[in-house]
K.L.:
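The structure that follows is given in the form of structure tokens.
We count residues from 1, following the sequence as given.
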Amino acid sequence: MDDTIAAISTALGVGAISIIRVSGSEAIEIVNSIFTKDISNVKSHTIHYGFIVEKNEKVDEVLVSVMRGPKTFTTEDIVEINAHGGINTTNKILELLLVHGCRLAEPGEFTKRAFINGRIDLTEAEGVMDLINSETDAARKMALNQVNGKVSSLISNLRNDLAGIISNIEVNIDYPEYEDIKIMTIDDIKSQISTIENNINTILKESENGEILKNGIKTAIVGKPNVGKSSLLNRLIGEDKAIVTSIKGTTRDSVEATFNFDNIVLNLIDTAGIRDTDDVVESIGVSKSIKLIDEADLVLFVLNYNERFTDDDYVILEKLKNKNYITIINKIDLEKKIDDSNLKNVVYVSALEDKNIDDIKLKVKEMFNLDKIKTADLTYLTSARSKAILVKVLKSIDDVKKGLETDVPIDMIEIDLKNIWNLLGEIIGESYDEELLDQLFSRFCVGK
């Protein structure tokens, strides 16, 4: 971490400006060697006009921002060169920086340095990535809560509660003669550990809301052939993405699209029609459709208003027993023949005439309590890594509770409690290994 790194921080292509970022102990010195203005002694957090030069030739007219550590993102000296956007010019400036002593930054290395140097913790670093990738305003706000440390506070508070239990146990063991110290009884430990367990369960439960805001709702559109699945997809997204014909089996593979409404993303998958078929290619599509039912967060089960239930429909309905699904009865512009008396979560539409499509959105909002999510604090744990650790914590808490019930020595209980405290520390990066960091930050773009 002693070297100076450089990378392009903006998308590479034609644009008004591009930014090349430099961080490290020699950042100012290296940029100074290719800049027409002397910035070696300028004040921190100032911007300077001039030219990047190679020997006596001007490369580009730029603005150079100088930020001295530790009051920077990485806590190191940072220089940002604002150049004219363009692939050749941007790459040329980066090339000059590398020639004069910089090393090309690895993916996410600026954020990694911010973490290593104590500027942010691990959940805040993950929040930076979520902020970059956010597709809705709600996802942006949720990621910002991570960047600002609100999510970290949830975990830190749990660790503080555990530290209180552990410290009282240690005092009771090491200094039993102290009469003014609270004696930690088995019932006290049970009560406090149960409170921590309840808080973790709440965090995990609410993280499901965070998952919806971050990644959207994986939604499979299923039904037998020719019920209007592709037409429905096209209506929802407002464009003709899926091929629509009256020929059964037209859709032989899944067609994917995203649909954004009220700050929630539906990741739509139009599947092949499910039916018995001797066609080898179509049967592969049918098998894939059935598999997608299992993987989906939500299923839109499409039926024909003018057709009676068939064996194929019953096969699909059986697969939906334990799924979130909406029954969409399409083609209401035709004569009614379907018996819908025993169907659940029914929405009646005409994809052809664009009737009642908004009712599907209302039903989704109702099923997933989206209005509640939108008005909530949006302080959610969204990292799969963090949630996996919390599941481990719950298992360890269960072991502690069993130990308390079976009179396991209190010093052994204390060891288990310390293990839980360390596991929680892994979420915010109080403890970590280099392999974890490399894996985490490799998902970032190079200039972040």
Side-chain angles (χ1 to χ4, degrees), residues 1-12 16-54 58-85 89-129 131-132 143-144 146-149 152 428-429 432 437 440-441 444-448:
M1 302 293 287
D2 294 331
D3 52 357
T4 297
I5 57 175
I8 300 166
S9 290
T10 47
L12 193 58
I17 62 167
S18 60
I19 298 174
I20 303 94
R21 176 184 285 177
V22 186
S23 179
S25 58
E26 297 180 345
I28 296 173
E29 178 185 342
I30 291 172
V31 174
N32 198 54
S33 67
I34 60 172
F35 190 43
T36 52
K37 180 175 179 178
D38 184 4
I39 57 171
S40 56
N41 294 308
V42 298
K43 291 183 179 179
S44 181
H45 294 76
T46 54
I47 299 176
H48 307 273
Y49 167 79
F51 291 86
I52 297 295
V53 294
E54 182 181 20
K58 292 179 179 178
V59 175
D60 193 22
E61 182 182 27
V62 299
L63 291 175
V64 170
S65 303
V66 178
M67 295 162 279
R68 299 181 184 274
K71 293 184 178 180
T72 66
F73 180 61
T74 62
T75 77
E76 304 169 338
D77 287 349
I78 288 181
V79 179
E80 291 185 350
I81 302 171
N82 292 257
H84 288 98
T89 300
T90 306
N91 279 332
K92 183 63 179 179
I93 294 172
L94 178 61
E95 178 189 321
L96 286 173
L97 291 168
L98 299 180
V99 167
H100 283 77
C102 287
R103 172 176 62 78
L104 184 64
E106 298 173 357
E109 190 170 359
F110 291 95
T111 308
K112 183 178 180 179
R113 289 191 175 201
F115 167 70
I116 294 293
N117 294 332
R119 173 69 172 75
I120 57 176
D121 67 27
L122 215 48
T123 56
E124 290 168 342
E126 289 170 325
V128 171
M129 189 62 180
L131 192 59
I132 293 170
L144 202 57
Q146 278 192 253
V147 174
N148 291 339
S152 302
I428 56 178
Y432 60 89
L437 292 190
L440 174 65
F441 290 107
F444 282 62
C445 52
V446 172
K448 192 56 185 171

K.L.:
Mind checking the CZ-CG spacing from R103 to L97? Nearest 0.5 Å is all I need.
P.N.:
13.5 Å
K.L.:
Among I120, T74, I116, whose side-chain contact (heavy atoms from CB on, under 4.5 Å) with T111 holds?
P.N.:
I120
K.L.:
Does any part of the side chain of I30, heavy atoms only, come nearer than 4.5 Å to the side chain of V22, both counted from C-beta?
P.N.:
no
K.L.:
Between E54 and K92, is the closest basic N to carboxylate O distance under 4.0 Å?
P.N.:
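Judged by the 4.0 Å cut-off on N to carboxylate O distance, K92 and E54 do form a salt bridge.
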K.L.:
With rounding to the nearest 0.5 Å, note down the distance linking OG1 in T89 to CG in L94.
P.N.:
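Answer rounded to 0.5 Å: 12.5 Å.
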K.L.:
Look up atom CG in N82 and atom OH in Y49, then write down how far apart they are to the nearest 0.5 Å.
P.N.:
13.5 Å
K.L.:
Using a 3.5 Å distance criterion without hydrogens, assess whether the side chain of H45 forms a donor-acceptor pair with backbone atoms of K71.
P.N.:
yes
K.L.:
Kindly compute the distance separating CD1 (I8) from CZ (R21), expressed to the nearest 0.5 Å.
P.N.:
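Rounded to the nearest 0.5 Å, the CD1-CZ separation comes to 13.0 Å.
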K.L.:
Can you find a heavy atom in the side chain of I428 that is under 4.5 Å from one in the side chain of L122?
P.N.:
no
K.L.:
So which heavy atom on F115 is nearest to which on G429, and how close?
P.N.:
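Reported closest heavy-atom pair: CZ-O, 3.6 Å.
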K.L.:
So that I can tick it off, tell me whether D77 and R113 are bridged by a salt bridge, with the cut-off set at under 4.0 angstrom between side-chain N and carboxylate O.
P.N.:
no
K.L.:
Would you mind reporting whether V59 and I93 have side-chain heavy atoms less than 4.5 Å apart?
P.N.:
yes
K.L.:
For D121 and S152, test the side chains for any donor-to-acceptor distance below 3.5 angstrom and give the result as yes or no.
P.N.:
yes
K.L.:
Quick check: closest heavy atoms across A7 and F110, and the distance to 0.1 Å?
P.N.:
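Shortest heavy-atom separation between A7 and F110 comes out as CB-CE1, 3.9 Å.
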K.L.:
Can you tell me if T36 uses its side chain to pair, donor with acceptor, with the backbone of F51 under 3.5 Å?
P.N.:
yes
K.L.:
About how many Å separate CD of E76 and CD1 of I5, when rounded to the nearest 0.5 Å?
P.N.:
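Atom-to-atom, I5:CD1 and E76:CD are 6.5 Å apart.
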K.L.:
D38: what forms a side chain to side chain donor-acceptor pair (under 3.5 Å) with it, not counting sequence neighbours?
P.N.:
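Once residues adjacent in sequence are excluded, the partners of D38 under the side chain to side chain donor-acceptor pair (under 3.5 Å) criterion are N32, S40.
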K.L.:
Within a strict 4.5 Å, meaning less than it, do heavy atoms of the T90 and D60 side chains meet?
P.N.:
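Counting from C-beta outward, T90 and D60 never come under 4.5 Å.
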K.L.:
How many angstroms lie between atom CD of E29 and atom CD1 of I39, to the nearest 0.5 angstrom?
P.N.:
10.5 Å
K.L.:
Are R119 and E124 side-chain neighbours, meaning at least one heavy-atom pair lies under 4.5 Å?
P.N.:
no
K.L.:
Write down the atom of I19, the atom of T10, and the distance for their closest heavy-atom approach.
P.N.:
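The pair with the smallest heavy-atom distance is N-OG1, 3.0 Å.
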K.L.:
With heavy-atom distances below 4.5 Å as the criterion, would you say the side chains of I81 and F35 are in contact?
P.N.:
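No, too far: nothing below the 4.5 Å cut-off.
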K.L.:
Measure across S65 and I47 and return the closest heavy-atom pair with its distance rounded to 0.1 Å.
P.N.:
OG-CG1, 3.6 Å
